[in-house]
Chemist: 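Here it is: the structure, laid out below.
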Amino acid sequence: DSGVTQTPKHLITATGQRVTLRCSPRSGDLSVYWYQQSLDQGLQFLIQYYNGEERAKGNILERFSAQQFPDLHSELNLSSLELGDSALYFCASSVAGGPREQYFGPGTRLTVT
Amino acid sequence: GESVGLHLPTLSVQEGDNSIINCAYSNSASDYFIWYKQESGKGPQFIIDIRSNMDKRQGQRVTVLLNKTVKHLSLQIAATQPGDSAVYFCAVGGDSNSGYALNFGKGTSLLVTP
């Protein structure tokens, strides 16, 4: 158990819908990263927050957004969902914003039908 | 951007043998490298990391070797056990512009046979 929690574990929704994925980092970790894992693209970085502020963006679509709250939990919002958004979404946390090990949650499996 | 590749998508070893999983990266300025293990239905699990000022680091039954000259990274697992069966990813740490996000390779699936 990494100490990172994610909900829900599974999510099935229709195209065009909007969903919210939730992540709670390990106790004491200030940095939260979101990654998408798909069969064809592998694990790809989406966005990072550090102590409530957006720090960096990766391959995140404009239809996707995220935020980190004062209690450090984070939410990833996916809107206007397409079939191609079906993937595993992982959140990872790290104690600091620098190059350190990241601890991954169990992921949310999103299926768009 | 950084390109991270694995030499073999699958590797089959016998229980008790040593396993070596390889990885190549493209950016000579990369400073941080990390290995993860991912079992089916679970998130990536941290195994071991290494910084560019080192060429070898050992953990429990695992060793990571870094060859900066040829931009190559390897993970060695000693006395491989059935519980080691999983997909192994190498990742390279980005710079401050990327928030130090990790760039992952495609992964090597390790199968341990009895």
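What's counted below: heavy atoms across the whole structure, side chains too, no hydrogens, waters or symmetry copies. Quantities reported herein were computed from a predicted structural model and do not represent experimental measurements.
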Chemist: Answer yes if Leu110(B) and Ile20(B) sit in the same cluster of Ile, Leu, Val, Met, Phe, Trp and Tyr residues linked by side chain heavy atoms under 4.5 Å apart, and no otherwise.
Modeler: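 Different clusters.
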Chemist: With rounding to the nearest 0.5 Å, note down the distance linking CZ in Phe90(A) to NZ in Lys42(B).
Modeler: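 These two atoms lie 12.0 Å from each other.
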Chemist: I need the minimum non-hydrogen distance between Ile34(B) and Gln102(A), along with the two atoms involved.
Modeler: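 Taking every non-hydrogen atom into account, CD1-N, 4.4 Å.
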Chemist: At a 4.5 Å cut-off on heavy atoms, which part of Gln45(B) comes close to chain A: side chain, backbone, both, or neither?
Modeler: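 Looking at Gln45(B), nothing touches chain A.
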Chemist: Between Asp40(A) and chain B, which part of the residue has a heavy atom less than 4.5 Å away: side chain, backbone, both or neither?
Modeler: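 Answer is backbone: N, CA, C or O of Asp40(A) sit under 4.5 Å from chain B.
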Chemist: Check the surroundings of atom NZ in Lys68(B): do more than 12 heavy atoms from other residues, nucleotides or ligands lie under 6.0 Å from it?
Modeler: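 Above 12, so yes.
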Chemist: Same cluster or not: Tyr50(A) versus Ile47(A), using hydrophobic residues (I, L, V, M, F, W, Y) connected whenever any side-chain heavy atoms lie under 4.5 Å apart?
Modeler: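 Looking at the clustering, Ile47(A) is in a separate group from Tyr50(A).
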Chemist: Considering only heavy atoms, which portion of Asp95(B) lies under 4.5 Å from any heavy atom of chain A: side chain, backbone, both, or neither?
Modeler: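 Contact with chain A: none, neither part.
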Chemist: Measure the CG-OH distance between Leu102(B) and Tyr35(A) for me, rounded to the nearest 0.5 Å.
Modeler: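 Leu102(B) CG to Tyr35(A) OH: 4.0 Å, rounded to 0.5 Å.
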Chemist: Working to the nearest 0.5 angstrom, can you tell me the gap between Tyr103(A) OH and Tyr36(B) OH?
Modeler: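 Tyr103(A) atom OH to Tyr36(B) atom OH measures 8.0 Å (nearest 0.5 Å).
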Chemist: Under 4.5 Å between any side-chain heavy atoms of Phe104(B) and Gln41(A), yes or no?
Modeler: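 No, too far: nothing below the 4.5 Å cut-off.
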Chemist: Nearest 0.5 Å, what's the CG-CZ distance between Asn97(B) and Arg55(A)?
Modeler: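 If we round to the nearest 0.5 Å, Asn97(B):CG and Arg55(A):CZ are 12.0 Å apart.
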Chemist: Hey, which of Ala92(A), Ser94(A), Pro106(A), Gly42(A) has the most heavy atom pairs under 4.5 Å with chain B?
Modeler: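 Highest number of heavy-atom pairs under 4.5 Å: Pro106(A).
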Chemist: Under 4.5 Å between side-chain heavy atoms, hopping through other hydrophobics if needed: is there a path connecting Val92(B) to Leu75(B)?
Modeler: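 Yes, it is one cluster - the side chains of Val92(B) and Leu75(B) are joined through contacts under 4.5 Å.
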Chemist: Is there a continuous path of hydrophobic side-chain contacts, each under 4.5 Å between heavy atoms, that joins Leu111(B) to Ile77(B)?
Modeler: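 Leu111(B) and Ile77(B): separate clusters.
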Chemist: For the CZ atom on Arg109(A), are there more than 12 heavy atoms of other groups (residues, nucleotides or ligands in this structure) within a distance under 6.0 Å?
Modeler: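 Open.
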Chemist: Against chain B, label Gln48(A) side chain, backbone, both or neither, depending on which of its atoms sit under 4.5 Å from a heavy atom there.
Modeler: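 Contact with chain B involves the side chain of Gln48(A) alone.
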Chemist: Crowded around Leu83(A) CG? As in, over 12 foreign heavy atoms under 6.0 Å?
Modeler: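 Above 12, so yes.
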Chemist: So which part of Lys9(A) gets closer than 4.5 Å to some heavy atom of chain B, the side chain, the backbone, both or neither?
Modeler: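 Only the side chain of Lys9(A) comes within 4.5 Å of chain B.
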Chemist: Is any side-chain heavy atom of Arg51(B) less than 4.5 Å from a side-chain heavy atom of Pro99(A)?
Modeler: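 SC-SC contact between Arg51(B) and Pro99(A) confirmed.
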Chemist: Answer with yes or no whether the hydrophobic clustering places Phe33(B) together with Ile21(B); edges join I, L, V, M, F, W, Y residues whose side-chain heavy atoms lie under 4.5 Å apart.
Modeler: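 Same cluster: Phe33(B) reaches Ile21(B) through Ile, Leu, Val, Met, Phe, Trp or Tyr contacts under 4.5 Å.
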Chemist: Can you confirm if the aromatic rings of Phe104(A) and Phe46(B) lie within a centre distance of less than 6.0 Å?
Modeler: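 Ring centres of Phe104(A) and Phe46(B) not closer than 6.0 Å.
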Chemist: Considering only heavy atoms, which portion of Arg100(A) lies under 4.5 Å from any heavy atom of chain B: side chain, backbone, both, or neither?
Modeler: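 Its backbone and side chain both get close to chain B.
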Chemist: To the nearest 0.5 Å, what is the distance between CG (Leu43(A)) and CD (Gln38(B))?
Modeler: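 One gets 6.0 Å once the value is rounded to the nearest 0.5 Å.
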